[in-house]
Student: 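Structure in C-alpha cells, see below.
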Amino acid sequence: MSIVEHLDRGPLARDELAARVARDIPPGSFVNLGIGQPTMVADHLPADSGVVLHTENGMLGMGPAAHGDEIDPDLINAGKFPVTELPGASYFHHADSFAMMRGGHLDVCVLGAFQVSGRGDLANWHTGAPDAIPAVGGAMDLATGAKQVFVMMTLFAKDGTPKLVPECTYPLTGLACVSRLYTDRAVFRIGPEGVTVAETYGTSVAELASRLEVPLRTLDATDRTDQLAP
C-alpha cells in the first residue's frame with residue numbers, strides 16, 4: 001500500500017471530510033459521534049452498513065439528521081440537533097449511556113479537537129483561555145472507553161498554526177488515545193511508530209512536512225514505513 005496524494009484538487013470541504021470518515025468505519029460497528037462536525041458523519045453512512053450510532057443523551061440506533069416534516073423536537077442528538085431514528089432504535093437512562101461509553105462497548109468514537117499530539121494525545125474541551133467556555137461533556141469517557149478514537153478537524157487554525165503538534169499546549173482530554181486523524185488536508189494514522197500520512201488533499205507530503213513540527217511517515221509500495229524530516 002502506498003500513500004495517495006490528491007494534488008489535482010483543494011482541501012476537503014466539511015461534507016467531504018465527513019464522508020471520508022464514514023468510509024473508514026467498519027460495517028456493524030457501534031459508534032458514537034461527538035457534537036459538532038462529527039455528527040455530519042451520520043449523513044454519509046450507507047443504509048446497509050449495519051453501523052449502530054450511539055448518542056450520549058441516551059439512544060442507540062440514531063439515523064441521519066432530520067429535515068422538514070421529519071423533525072421531532074424530542075428526538076435530538078447530544079448536540080441538541082434534530083435527528084431521525086432507524087428501525088430497532090432504543091432509548092435509555094443517561095447513566096446507562098455513560099456505562100456503555102466507559103465500559104468498552106463502543107467500537108469507534110469520532111470527536112473534534114483543538115489539538116492532537118504526535119503520540120495521539122487529545123485536547124478538545126478547553127483552550128485554557130480565561131474567557132473560553134469549557135465543554136468537556138462525555139469526551140473524556142469516550143476517549144478512554146472507545147476501542148478506537150477517530151478525530152476530525154482542520155489541520156491548521158485560522159492563524160495558520162498547526163493543530164497536529166509535538167505536545168498539546170491545551171488541557172488534555174486523553175493520553176495516547178487517538179488512532180486516526182482526519183483533516184481537510186490529510187488523513188493520518190497515529191500509533192506507537194508515530195504519525196503516518198495515509199492520504200493528502202490539495203497538498204503534498206513534502207509540504208506537510210515543511211509546515212508541521214511532527215515527524216511524518218509514509219507507506220511505501222512494499223508497505224514499509226519511511227520517516228520524513230519534520
Side-chain angles (χ1 to χ4, degrees), residues 1-7 11-12 17-18 20-21 23-25 32 34 36-38 41 107-129 132 134-136 139-220 222-230:
M1 180 179 180
S2 59
I3 183 174
V4 177
E5 294 179 305
H6 300 283
L7 302 178
L12 293 177
L17 180 56
R20 179 64 186 84
V21 175
R23 200 173 85 195
D24 278 1
I25 294 178
N32 180 288
Q37 193 173 358
V41 174
D107 298 303
V108 177
C109 72
V110 184
L111 300 172
F114 295 127
Q115 291 177 328
V116 173
S117 81
R119 61 171 175 267
D121 298 337
L122 171 65
N124 82 342
W125 68 281
H126 201 303
T127 62
V136 65
M140 290 182 180
D141 308 88
L142 290 165
T144 58
K147 295 171 185 171
Q148 287 198 80
V149 177
F150 293 0
V151 165
M152 57 187 297
M153 65 181 192
T154 56
L155 185 55
F156 300 100
K158 291 180 180 177
D159 63 2
T161 56
K163 296 163 74 174
L164 173 60
V165 293
E167 299 283 345
C168 294
T169 56
Y170 296 152
L172 291 178
T173 307
L175 292 171
C177 56
V178 178
S179 56
R180 295 191 185 187
L181 173 58
Y182 297 86
T183 76
D184 53 338
R185 304 297 185 101
V187 175
F188 304 92
R189 301 175 186 177
I190 302 179
E193 74 284 359
V195 179
T196 301
V197 187
E199 215 165 346
T200 72
Y201 300 92
T203 187
S204 65
V205 178
E207 182 181 352
L208 290 177
S210 71
R211 295 188 64 183
L212 300 174
E213 297 179 0
V214 176
L216 301 179
R217 297 172 180 271
T218 61
L219 295 176
D220 68 14
T222 59
D223 210 16
R224 292 184 294 107
T225 56
D226 296 315
Q227 186 168 348
L228 300 179

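We're numbering straight along the sequence, starting at 1.
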Student: So does Gly112 get a backbone contact from the side chain of Gln37, meaning a donor-acceptor N/O pair under 3.5 Å?
Tutor: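 Not at all, since once roles are kept as given, no pair shorter than 3.5 Å links the two residues.
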Student: Tell me whether Gln148 contacts the main-chain N or O of Ser179 through its side chain, where contact means a donor paired with an acceptor under 3.5 Å.
Tutor: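 Flag not set: sc Gln148 to bb Ser179 has no pair under 3.5 Å.
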Student: Pairs in or reaching into residues 145-172: which pass salt bridge (Lys or Arg N to Asp or Glu O under 4.0 Å), with residues at least two apart or in two chains?
Tutor: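 Residue pairs passing salt bridge (Lys or Arg N to Asp or Glu O under 4.0 Å), neighbours aside: Asp107-Lys147, Arg119-Glu167.
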Student: Once rounded to the nearest 0.5 Å, what's the spacing between atom CE of Met140 and atom CG of Leu172?
Tutor: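 The CE atom of Met140 sits 8.5 Å away from the CG atom of Leu172.
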Student: Mind checking whether Val187 and Tyr201 have side chains closer than 4.5 Å, heavy atoms only?
Tutor: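 In short, these two side chains touch, coming nearer than 4.5 Å.
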Student: With a 4.5 Å cut-off on side-chain heavy atoms, are Leu164 and Leu155 touching?
Tutor: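 A side-chain contact exists here, since the closest heavy-atom pair is under 4.5 Å.
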Student: Out of the candidates Val116, Asp184, Leu17, only one should pair with Met153 under the side-chain contact (heavy atoms from CB on, under 4.5 Å) rule; please name it.
Tutor: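 So, applying the side-chain contact (heavy atoms from CB on, under 4.5 Å) to Met153 and each of Val116, Asp184, Leu17, only Val116 qualifies.
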Student: For the residue pair Pro171 and Ala123, what are the closest heavy atoms and their distance?
Tutor: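 Minimum heavy-atom separation between Pro171 and Ala123: O-CB, 3.4 Å.
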Student: Under the rule for side chain to side chain donor-acceptor pair (under 3.5 Å), what residues qualify as partners of Thr173, not counting sequence neighbours?
Tutor: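 Expected list: Asn124.
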Student: What is the minimum heavy-atom distance between Leu12 and Arg20, and which atoms define it?
Tutor: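 Taking Leu12 first and Arg20 second, the nearest heavy atoms are CD1-CB, 4.4 Å.
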Student: Leu142 and Val149: which non-hydrogen atoms are nearest, and at how many Å?
Tutor: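 Closest approach of Leu142 to Val149, heavy atoms only: O-CG2, 4.1 Å.
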Student: When rounded to the nearest 0.5 angstrom, what distance separates OG1 in Thr169 from CD in Gln115?
Tutor: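 Reported to 0.5 Å precision, the distance equals 3.5 Å.
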Student: Side chain to side chain donor-acceptor pair (under 3.5 Å) with His6: which residues, sequence neighbours excluded?
Tutor: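 His6 satisfies side chain to side chain donor-acceptor pair (under 3.5 Å) with Glu199 once adjacent residues are dropped.
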Student: If you take all heavy atoms of Gly34 and Leu111, which pair is closest and at what distance?
Tutor: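 Heavy atoms only, the tightest pair is CA-CD2, 4.1 Å.
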Student: Enumerate the residue pairs fulfilling salt bridge (Lys or Arg N to Asp or Glu O under 4.0 Å) with a member in residues 168-177, sequence neighbours excluded, ordered by first and then second residue.
Tutor: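 Qualifying pairs: none.
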Student: For side chain to side chain contact (heavy atoms under 4.5 Å, CB included), just list the numbers for Asp24 and Tyr182, CA-CA rounded to whole Å, side-chain angles, deciding distance to a tenth of an Å, and then say yes or no.
Tutor: CA-CA 10 Å; Asp24 278 1; Tyr182 297 86; 2.6 Å; yes
Student: Specify the closest pair of heavy atoms between Leu122 and Cys177, including all atoms of both residues, with the distance to one decimal.
Tutor: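 Closest heavy-atom pair between Leu122 and Cys177: CB-SG, 3.8 Å.
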Student: Are any side-chain N or O atoms of Arg217 and backbone N or O atoms of Glu193, one a donor and one an acceptor, separated by less than 3.5 Å?
Tutor: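 Checked: pair present.
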Student: Could you tell me which residues satisfy side chain to side chain donor-acceptor pair (under 3.5 Å) with Thr144, sequence neighbours excluded, listed by chain and number?
Tutor: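 In terms of side chain to side chain donor-acceptor pair (under 3.5 Å), with neighbours along the sequence ignored, Thr144 is linked to no residue.
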Student: Could you pull out all residues at least two apart from Phe114 that satisfy side chain to side chain contact (heavy atoms under 4.5 Å, CB included)?
Tutor: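 Phe114 satisfies side chain to side chain contact (heavy atoms under 4.5 Å, CB included) with Thr127, Tyr170 once adjacent residues are dropped.
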Student: List the atom of Phe188, the atom of Leu216, and the distance in Å for their closest heavy-atom pair.
Tutor: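 It is CE2-CD2, 4.1 Å.
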Student: Indicate yes or no: at least one non-hydrogen side-chain atom of Phe150 is less than 4.5 angstrom from one of Val41.
Tutor: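 Sidechains of Val41 and Phe150: no contact.
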